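Let me begin by presenting the structure, written as structure tokens, before commenting on it.
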Amino acid sequence: MTLRAGVLAVQGDVSEHGDAIERAAAAHDQTAEVVEIREAGLVPDCDVLLLPGGESTTISRLIHREDIAEEIESHVEAGKPVLATCAGLIVSATDAQDDRVDTLNIIDVSVERNAFGRQKDSFEAPLDVDGLEDSFPAVFIRAPVIDYVGDDVEVLATWDDRPVAVRDGPVVGTSFHPELTEDPRIHDLAFFDSVES
């Protein structure tokens, strides 16, 4: 089986996410066809979507200008999976606490941008994630923190008692960058029914 994986390619770790979903698919004896999304019309043909990090105000502006935002919202309404990381999480939230970010409202959370500090404050931490047997090597870079979680949102992981990974229906959001490791288990958790540790 071939999985058509759309990676929002207006900014961020596009190739790294593509590599990660290919590794996750291979672990399930599947292949992933990676489609870079920069314009409207591609999302409807995708089985899964990845919304990478980058600069949330820029990502928000471009997906609305290019009419991609409505397609992402329809993808989620159809129950298709999404993985939103770092700035992707901010753009996906119901509240980005920043008027410059026109959010997608696909994860019922409120986020605080750059809550873990600036670029120089980046760090890696072993993270206990629900559904994974062993800790995940989470990379935090100018990471947002989730400071409100809706009633139907499942918290998958916390750091310093603050949520850093959540699931809202078919959407998984992380404050960290799982694509910057060789470990595909977060992509596995987001896109496949059985998680292999």
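Since the model is a prediction, treat every value here as computed from it, not as a measurement.
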Exercise. Could you walk me through whether V139 and F176 pass the side-chain contact (heavy atoms from CB on, under 4.5 Å) check?
Worked result: CA-CA 5 Å; V139 178; F176 53 92; 5.6 Å; no
Problem set entry | Check against side-chain contact (heavy atoms from CB on, under 4.5 Å), E16 and D19 | CA-CA 5 Å; E16 290 87 349; D19 292 344; 5.6 Å; no
For this session: Taking the side chain as every heavy atom from C-beta outward, state whether I107 and L89 have any atom pair closer than 4.5 Å.
Result: yes
Seminar exercise, completed: In terms of heavy-atom contacts, E71 and P44 come closest through OE1-CD, 3.6 Å
For this session: Show your reasoning for whether side-chain contact (heavy atoms from CB on, under 4.5 Å) applies to D130 and L189.
Result: CA-CA 9 Å; D130 285 357; L189 190 67; over 6 Å; no
Problem set entry | Closest non-hydrogen atom pair, D108 against D151 | OD2-N, 4.5 Å
Exercise. Which heavy-atom pair separates R185 from F136 by the least distance, and what is that distance?
Worked result: NH2-CA, 3.6 Å
Exercise. Linking I/L/V/M/F/W/Y whenever their side-chain heavy atoms sit closer than 4.5 Å, directly or via other members, would Y148 and V111 fall into one cluster?
Worked result: no
Problem set entry | V153 side chain near R167 side chain, heavy-atom distance below 4.5 Å | no
For this session: Over all heavy atoms of both residues, which pair between H17 and P52 is shortest? Give the atoms and the distance, please.
Result: CD2-CB, 3.6 Å
Exercise. Closest heavy-atom contact between P144 and S175?
Worked result: O-OG, 2.9 Å
Exercise. How about V7 and V35: do any of their side-chain heavy atoms sit closer than 4.5 Å?
Worked result: no
For this session: Dump the intermediate steps for side-chain contact (heavy atoms from CB on, under 4.5 Å) on D168 and V109, then the final yes or no.
Result: CA-CA 9 Å; D168 188 351; V109 294; over 6 Å; no
For this session: Using modelled atom types only, decide if a donor and an acceptor are shared between the side chain of R142 and the backbone of G54 within a distance under 3.5 Å.
Result: no
Problem set entry | Side-chain donor/acceptor of D47 to backbone N/O of R4, under 3.5 Å | yes
Exercise. Residues in ring-ring contact (aromatic ring centres under 6.0 Å, His included) with H177, at least two apart?
Worked result: none
Exercise. Looking only at heavy atoms, which two atoms of A5 and L50 are closest? And how far apart?
Worked result: CB-CD1, 4.2 Å
Exercise. Do S110 and D147 have a side chain donor and acceptor closer than 3.5 Å?
Worked result: yes
Problem set entry | Within 6.0 angstrom of D152 CG, more than 12 heavy atoms from elsewhere | no
Exercise. Going by atom types only, do T174 and T85 share a side-chain donor-acceptor pair under 3.5 Å?
Worked result: no
Exercise. Between the side chains of N105 and E73, is a donor N or O closer than 3.5 angstrom to an acceptor N or O?
Worked result: no
Exercise. Just by modelled atom types, is the V91 backbone N or O under 3.5 Å from a matching donor or acceptor in the S56 side chain?
Worked result: no
Problem set entry | Within-4.5 Å side-chain heavy-atom neighbours: L3 and F192 | yes
Exercise. Has the side chain of K80 got a donor or acceptor atom that lies under 3.5 Å from a matching backbone atom of C46?
Worked result: yes
Exercise. Quick check: does any side chain N or O of E66 sit under 3.5 Å from a backbone N or O of I68, one acting as donor and the other as acceptor?
Worked result: no
For this session: Say whether, by atom type as modelled, one donor and one acceptor occur between the side chain of T103 and the main chain of D95 under 3.5 angstrom.
Result: no
